[in-house]
K.L.:
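Got a structure here, written out as structure tokens. Questions coming.
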Amino acid sequence: MILSQITKHFVQEALKRKILNINDLQKLKNEFSSKYKIKSLLNRELILAYKKIVQEKSDLKSLSFERVIRKRSVRTESGITSVTIVTKPYACPGKCVFCPTEKGIPKSYASNEPGIMRAILNDFDPKRQVKNRLQAYIGNGHTADKVEMIILGGTFSFYPHRYQTDFVRKMYEALNEGLGAKMKDEKCKIENVGSKMAKTLQKAQALNEKAEHRCVGLSVETRPDYITEKELLRFRKLGVTRIEIGVQHTVDRILTFNKRGHDIGAVKDAMRLMKDAGFKITSHLMPNLPGATITEDYQMFLDVFNDPDLRTDWLKIYPCSVVPFSELEQWFKQGRYQSYEQQDLIDLLIRVKQIVPLYIRITRLIRDIPDTSILSSASVSNLRQEIHQIISKNQSKFQMCQCIRCREIRSAEVNLAKTELNILEYEAQGGKEFFISIDDMSQNKLCANLRLRFPSQYFSRQKHFIKELEGAALIRELHVFGNESSIGSNQRGLAQHKGFGGQLLQQAELKAKQAGFSKIAVISGIGVREYYRKNGYHLEGSYMLKVLRKS
Ligand code: SF4
Ligand SMILES: [Zn+2]
């Protein structure tokens with residue numbers, strides 16, 4: 001038997017035996033290896049064979065089996081595929097002491113971080129980076145039809161505007177072109193299909209509305225003091241929906257000591273502008289900065305959770321590490337900086353996880369820097385797992401983290417009879433936020449959430465700086481969790497496509513109408529515009545809008 005026949009036989013056998021977990025899959029692989037004297041079969045080969053079998057006999061389709069053979073399913077378990085690309089090395093106006101400046105590498109990154117290594121291999125070319133990631137995801141069995149694009153690399157706002165526009169246009173073009181028909185089969189070479197080459201950013205965006213790989217969100221990272229009304233309007237033209245912002249600490253003395261070049265007031269101003277323009281915000285916080293104490297770090301988290309002007313959506317917590325090519329490296333060598341004891345950092349983060357609000361997602365607890373590049377740090381590479389283990393083992397003392405990431409339904413089956421719609425209302429940046437969620441109460445899992453904002457202008461009666469948002473309530477996020485399912489499909493048992501999105505949208509519209517808003521606007525990723533059109537929205541400027549009629 002040739003390899004393709006063996007692989008086909010393997011998949012048929014696996015489906016017959018109803019293999020549902022990795023251990024059983026591996027046992028069968030071992031069985032086949034010794035029977036046919038071959039190396040262990042690769043999941044990639046199994047995926048291709050499985051696809052062919054299902055094409056011939058669609059009733060053999062098994063979602064559970066697909067999940068077992070998909071590699072790294074965790075990256076798509078929150079419903080979308082995240083693709084990170086990196087801008088070329090460029091200067092940053094900041095002088096932060098902890099930030100590395102490595103030659104040929106974008107500011108604040110290290111040459112041996114996995115994402116940066118991929119970018120280097122692709123010469124920081126956005127198209128090649130996107131296609132490379134799509135190739136990896138599709139090769140591993142993902143559809144990658146809903147893609148959240150994450151642009152990393154120092155301070156995005158500081159790059160020449162022309163470079164930014166060009167970079168983003170090429171990113172959309174890569175999504176529009178996809179990998180070409182042949183790519184998705186056995187051929188692994190990236191092919192430039194060319195026919196959909198878009199000449200302008202707007203055209204590339206328009207094409208993406210119906211492309212195979214739709215951009216459902218786009219994030220960039222920048223400094224708070226670079227956020228202005230004008231800058232946000234420019235970001236909207238690029239299609240940005242989320243902004244990662246370096247807050248780092250809430251105490252001015254610590255910000256100054258670390259040469260951040262802005263105070264906490266600048267962070268508050270930036271956050272209000274971003275929220276009022278509908279952006280979702282990821283705040284970066286750094287415990288263990290030079291000059292800070294554990295007590296001040298804990299207070300920093302309290303500030304971010306309790307001060308309405310600092311409340312955020314997502315959090316990246318990066319405990320300060322001493323890395324080469326940073327000013328802190330010298331401070332450390334001169335004995336001017338010391339990392340916390342590891343246990344102290346763990347204790348701090350466990351305390352933080354006890355008080356994190358339900359509307360926050362802690363997306364990261366550490367940077368992706370390899371240990372070999374860290375001269376000193378209180379952190380460990382498996383910090384998140386370690387903290388979770390401690391909490392799980394001491395449940396009489398600690399409660400499990402209630403952040404979004406820890407409650408996402410992922411690949412678990414939704415118990416529809418036990419789902420509930422909940423609304424958490426809180427003040428933020430001079431406006432009012434409503435975190436509307438659908439939760440599976442039987443498992444304490446989050447199936448979907450929507451962020452509705454009554455902007456600060458609604459309360460201050462000031463004119464909005466974005467014309468089309470005048471008098472509008474804002475939907476800043478609508479996210480249905482669960483394993484990615486193809487656009488248009490309706491796969492059983494998954495949180496996506498159960499109508500949760502529609503329910504949340506209706507609830508948001510109702511709330512806005514009751515508060516007297518005559519319209520509601522969504523900051524929608526380019527690739528989700530179609531969804532909103534189907535729900536009665538139309539494009540105005542860069543937002544999807546709906547007129548709310550009095551009933
Ligand atoms: S602003 Fe960001 S990229 Fe610039 S120096 Fe500071 S940490 Fe580094
Ligand atoms: Zn959590």
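We count ligands from 1, going down the list as the structure has it; atoms in each ligand are counted the same way.
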K.L.:
Would you say atom 4 (Fe) of ligand 1 has C92 as a near neighbour, meaning an N/O/S atom of that residue under 2.8 Å away?
P.N.:
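Yes, since at least one N, O or S atom of C92 sits under 2.8 Å from atom 4 (Fe) of ligand 1.
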K.L.:
For S108, counting its heavy atoms only, list the atoms of ligand 1 lying under 4.0 Å from any of them.
P.N.:
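Those of ligand 1 that fall under 4.0 Å from S108 are 3 (S), 8 (Fe).
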K.L.:
Would you say the side chains of E231 and T228 form a donor-acceptor pair under 3.5 Å?
P.N.:
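No.
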K.L.:
Is E102 reaching over with its side chain to a backbone N or O of S111, donor-acceptor style, under 3.5 angstrom?
P.N.:
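It does hold such a pair.
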K.L.:
Return the residue, atom name and 0.1 Å-rounded distance of the protein heavy atom closest to atom 8 (Fe) of ligand 1.
P.N.:
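Here the nearest protein heavy atom works out to C99 SG, 2.3 Å.
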K.L.:
Which of parallel (below 30°), tilted (30 to 60°) and perpendicular (above 60°) describes F156 and F235?
P.N.:
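If you compare the ring of F156 with that of F235, the planes turn out tilted.
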K.L.:
To which protein heavy atom is atom 2 (Fe) of ligand 1 closest, and what is the distance rounded to 0.1 Å?
P.N.:
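Of every protein heavy atom, R260 NH1, 4.1 Å lies nearest to atom 2 (Fe) of ligand 1.
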K.L.:
Can you spot which of V322, V323, L328 makes a side-chain contact (heavy atoms from CB on, under 4.5 Å) with L375?
P.N.:
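Of the listed options, the one satisfying the test is V322.
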K.L.:
Starting from atom 3 (S) of ligand 1, find the nearest protein heavy-atom neighbour and note its residue, name and distance.
P.N.:
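Checked against all protein heavy atoms, atom 3 (S) of ligand 1 sits closest to K107 CG, 3.5 Å.
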K.L.:
In terms of atom number and element, which parts of ligand 1 are under 4.0 angstrom from non-hydrogen atoms of R223?
P.N.:
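Taking each heavy atom of R223 in turn, ligand 1 has 1 (S) under 4.0 Å.
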K.L.:
I need the D313 CG to E433 CD distance, nearest 0.5 Å.
P.N.:
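Those atoms lie 6.5 Å apart.
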K.L.:
Check ligand 1 against G94 and write out every atom of the ligand that is under 4.0 Å from a heavy-atom position of the residue.
P.N.:
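It comes down to these atoms of ligand 1: 5 (S).
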K.L.:
Can you check side chain to side chain contact (heavy atoms under 4.5 Å, CB included) on L310 and I264, steps first, answer last?
P.N.:
CA-CA 9 Å; L310 289 172; I264 195 64; 3.9 Å; yes
K.L.:
When you measure from atom 6 (Fe) of ligand 1 to every protein heavy atom, which one gives the shortest distance, and what is it?
P.N.:
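I find the closest protein heavy atom is C96 SG, 2.3 Å.
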